Amino acid sequence: MEISCFFNWFLILYFIASSNGLVTVQAFTGSYGINYGRIANNIPPPESVVALLKGAMIKNVRIYDADRNVLQAFRGSGLELVVNVPNEFLKEMSTNEDRAMSWVKENVQPYLPETHIRGITVGNEVLGGSDQELQEALLGAIKNIYKAVDNLHLADLIQISTAHSQAVFSNSYPPSACIFRESIVQYMKPLLQFFSDIGSPFFINIYPFLAYMSDPEHINLNYALFEPNPGIHDTKTKLHYDNMFDAQVDASYAALENAGFKHMKVIVSETGWASHGDDNEAVATPQHARTYNFNLRKRLALKKGTPLRPHIMVRAYVFALFNENLKPGPTSERNFGLFKADGSISYNIGFPGLKPSSSASSYLYLKNMRAHGCTLSYSKVLAACSAALLLILTP
């Protein structure tokens with residue numbers, strides 16, 4: 001009873017502060033997050049995933065639905081969660097306010113405040129797709145979800161957005177030349193205007209892996225991997241880019257500015273590199289995946305901006321937490337995970353796993369085990385130290 005009263009008073013004070021402009025939606029803590037996809041039949045249960053994320057000190061998490069088991073497992077964890085309204089619900093929600101309200105009441109409201117739901121993405125990669133009816137329904141569904149959240153007095157707690165693929169752009173090289181595809185401008189501009197009105201960011205999925213595979217003859221692999229390379233020069237802005245990730249983020253900013261939304265922030269909703277692929281996906285290797293994700297983690301840890309927006313810290317959700325064995329498409333689609341199905345790491349970029357593997361035991365694993373009151377044998381301590389030294393010395 002006392003705890004319940006405390007939360008009631010906390011929420012009252014929170015909303016009073018919000019109404020006086022003292023509180024804004026904070027849907028992303030720091031600069032690093034991860035996508036928790038679950039198209040698999042062999043990954044750990046949500047309760048174990050919470051332990052894995054806390055051990056790795058990854059606080060920001062996106063899921064692609066609003067699964068009850070996940071929401072229950074995240075209760076009291078302190079992890080910041082973004083849930084998703086799947087594409088199949090958008091057409092109905094776009095014309096039915098009650099349907100949007102019932103979705104929020106069923107999938108969001110009951111889990112607050114113990115489960116830290118900080119955002120709702122409505123649909124995924126809709127405007128970059130080919131379903132015109134879905135494209136036409138997107139804004140209406142977003143408005144009705146926002147209206148439901150607002151009517152439940154949650155608009156100052158939960159941020160509303162939608163994630164786009166780079167297919168929404170007609171050109172992204174050089175970054176300053178990026179504009180939205182003409183065929184989707186009629187949907188994109190009203191959407192951006194609404195997001196501008198409610199203070200939402202622009203979510204974009206960025207994959208140097210895919211860009212490199214589409215044009216390996218003209219793209220330097222090291223440029224895609226954050227490794228030393230000559231880089232590119234944008235003659236319009238006079239800016240130099242030494243990695244494709246920053247260039248693609250700035251291309252998004254250029255497209256927004258060209259559309260009249262210069263001050264909208266960009267958040268990378270997906271980025272990653274596959275560790276295994278088909279014969280025509282030769283760059284999908286554990287070595288390249290480790291290099292990309294290790295360098296990406298170092299780059300995000302700097303908490304700095306891009307050449308075009310140097311004062312706006314780049315935030316990104318990595319794709320993905322696990323290899324997902326049931327995903328359709330090329331082999332690479334099932335091999336983006338930082339972790340294997342058994343909870344061990346796919347390759348060492350400094351995160352501990354649920355269980356050590358030949359390359360998983362690092363200093364961070366040792367530190368995590370000690371923090372949880374575990375004792376380790378001399379052999380395990382030696383293995384942890386050896387792996388930590390390897391992580392430091394390996395470029």
Side-chain angles (χ1 to χ4, degrees), residues 31 121 123-130 135 138-139 161-196 200-226 229-273 292 296 299-300 304-317 319:
S31 61
T121 51
N124 187 54
E125 297 191 339
V126 172
L127 296 188
S130 57
Q135 293 173 341
L138 179 61
L139 180 56
S161 192
T162 188
H164 303 287
S165 72
Q166 288 193 293
V168 298
F169 303 135
S170 65
N171 181 40
S172 60
Y173 180 84
S176 62
C178 189
I179 58 174
F180 290 111
R181 223 174 63 228
E182 186 177 350
S183 61
I184 60 104
V185 168
Q186 60 180 320
Y187 308 119
M188 182 63 79
K189 279 199 171 183
L191 178 65
L192 294 176
Q193 185 59 61
F194 183 70
F195 282 160
S196 178
S200 290
F202 181 78
F203 272 22
I204 183 70
N205 297 340
I206 285 177
Y207 285 98
F209 167 73
L210 298 176
Y212 175 80
M213 285 205 307
S214 71
D215 192 9
E217 292 184 9
H218 298 99
I219 298 176
N220 187 318
L221 180 59
N222 284 343
Y223 178 65
L225 291 171
F226 299 93
N229 68 94
I232 68 161
H233 183 72
D234 191 321
T235 56
K236 179 180 178 181
T237 60
K238 312 299 182 186
L239 296 174
H240 181 80
Y241 292 89
D242 59 12
N243 69 84
M244 184 182 290
F245 177 84
D246 278 3
Q248 290 181 326
V249 173
D250 275 355
S252 303
Y253 275 120
L256 289 171
E257 184 170 352
N258 288 330
F261 299 91
K262 179 179 180 179
H263 300 291
M264 183 170 289
K265 291 183 179 180
V266 170
I267 291 181
V268 178
S269 38
E270 290 182 15
T271 189
W273 198 286
Y292 182 81
L296 173 69
R299 186 260 177 270
L300 294 174
K304 68 174 186 177
T306 59
L308 187 63
R309 296 287 188 270
H311 303 300
I312 302 177
M313 180 174 67
V314 176
R315 293 176 163 89
Y317 291 92
F319 188 88

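Values reported hereafter were calculated over all heavy atoms of this structure, with side chains retained and with hydrogens, waters and symmetry mates removed. In this text the structure is predicted, and so the values were computed from the model without any measurement.
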Rounded to the nearest 0.5 Å, what separation is found between the CD1 atom of Ile204 and the CD atom of Glu125? 8.5 Å

Would you call Phe319 and Val268 a side-chain contact if the rule is heavy atoms closer than 4.5 Å? no

Suppose we screen for ring pair (Phe, Tyr, Trp, His ring centres under 6.0 Å). Which residues come up paired with Tyr292, at least two apart in sequence or across chains? Phe226, Trp273

Give the table of side-chain donor-acceptor pairs shorter than 3.5 Å for residues 164-171, with sequence neighbours excluded, one pair per line with atom names and distance.
{"unit_1": "Ser165", "atom_1": "OG", "unit_2": "Ala167", "atom_2": "N", "d": "3.2"}
{"unit_1": "Gln166", "atom_1": "OE1", "unit_2": "Gln248", "atom_2": "NE2", "d": "3.4"}
{"unit_1": "Asn171", "atom_1": "OD1", "unit_2": "Tyr173", "atom_2": "N", "d": "3.4"}
{"unit_1": "Asn171", "atom_1": "ND2", "unit_2": "Tyr173", "atom_2": "O", "d": "3.3"}

Partners of Ala163 by side-chain contact (heavy atoms from CB on, under 4.5 Å), sequence neighbours excluded? Arg62, Asn124, Phe203, Asn205, Ser269

Quick one: does Leu256's side chain get under 4.5 Å of Phe202's, heavy atoms only? yes

Look up atom CG in Leu127 and atom CD1 in Ile184, then write down how far apart they are to the nearest 0.5 Å. 5.5 Å

Backbone of Thr235 reached by a side-chain donor or acceptor of Lys238 within 3.5 Å: yes

If you count the non-hydrogen atoms of other residues, nucleotides and ligands that lie under 6.0 Å from CD in Gln186, is the total more than 12? yes

Rounding to 0.5 Å, atoms CZ (Phe245) and OG1 (Thr306) come to a distance of 9.5 Å

To the nearest 0.5 angstrom, please state how far the CE atom of Met244 sits from the CD1 atom of Ile219. 4.0 Å

If you apply the rule side chain to side chain contact (heavy atoms under 4.5 Å, CB included), what do you find for Tyr212 with Leu225, and how did you get there? CA-CA 10 Å; Tyr212 175 80; Leu225 291 171; over 6 Å; no

What heavy-atom pair brings Thr162 and Leu191 nearest, and what distance separates the two atoms? CG2-CD2, 4.0 Å

Step by step, would you call Asp234 with Leu308 a side chain to side chain contact (heavy atoms under 4.5 Å, CB included)? CA-CA 10 Å; Asp234 191 321; Leu308 187 63; over 6 Å; no

Any idea which heavy atoms bring Leu192 and Phe180 closest together, and the distance? CD1-CE1, 3.8 Å

Taking all non-hydrogen atoms of both residues into account, name the closest pair between Pro307 and Tyr241 and its distance. CG-CE2, 3.5 Å

Closest non-hydrogen atoms of Asp215 and His218, given as atom of the first, atom of the second and distance, are OD1-ND1, 2.9 Å

side-chain contact (heavy atoms from CB on, under 4.5 Å) with Ser196: which residues, sequence neighbours excluded? Gln193, Phe261, Met264

Met188 CE to Phe195 CZ distance, which is reported to the nearest 0.5 Å: 9.5 Å

For Ile206, does its backbone N or O pair with a side-chain atom of Thr271 as donor and acceptor, under 3.5 Å? yes

With no hydrogens and no angle check, is any side-chain donor or acceptor of His240 less than 3.5 Å from a backbone partner on Ile232? yes

Rounding to 0.5 Å, atoms OG (Ser176) and CG (Leu239) come to a distance of 8.5 Å

For residues Pro201 and Ser161, report the shortest heavy-atom separation together with the two atoms involved. O-OG, 3.2 Å

Tyr253: what forms a side-chain hydrogen bond (donor to acceptor under 3.5 Å, both in side chains) with it, not counting sequence neighbours? none

How would you list, by chain and number, every residue that makes a side-chain contact (heavy atoms from CB on, under 4.5 Å) with Glu257, sequence neighbours excluded? Lys262, Arg309

So, Ser31 side chain and Leu300 main chain: donor-acceptor pair closer than 3.5 Å or not? yes

Tell me whether Asp250 contacts the main-chain N or O of Pro175 through its side chain, where contact means a donor paired with an acceptor under 3.5 Å. no

Do you know the tightest heavy-atom contact between Tyr317 and Ile267? CE1-CG2, 4.2 Å

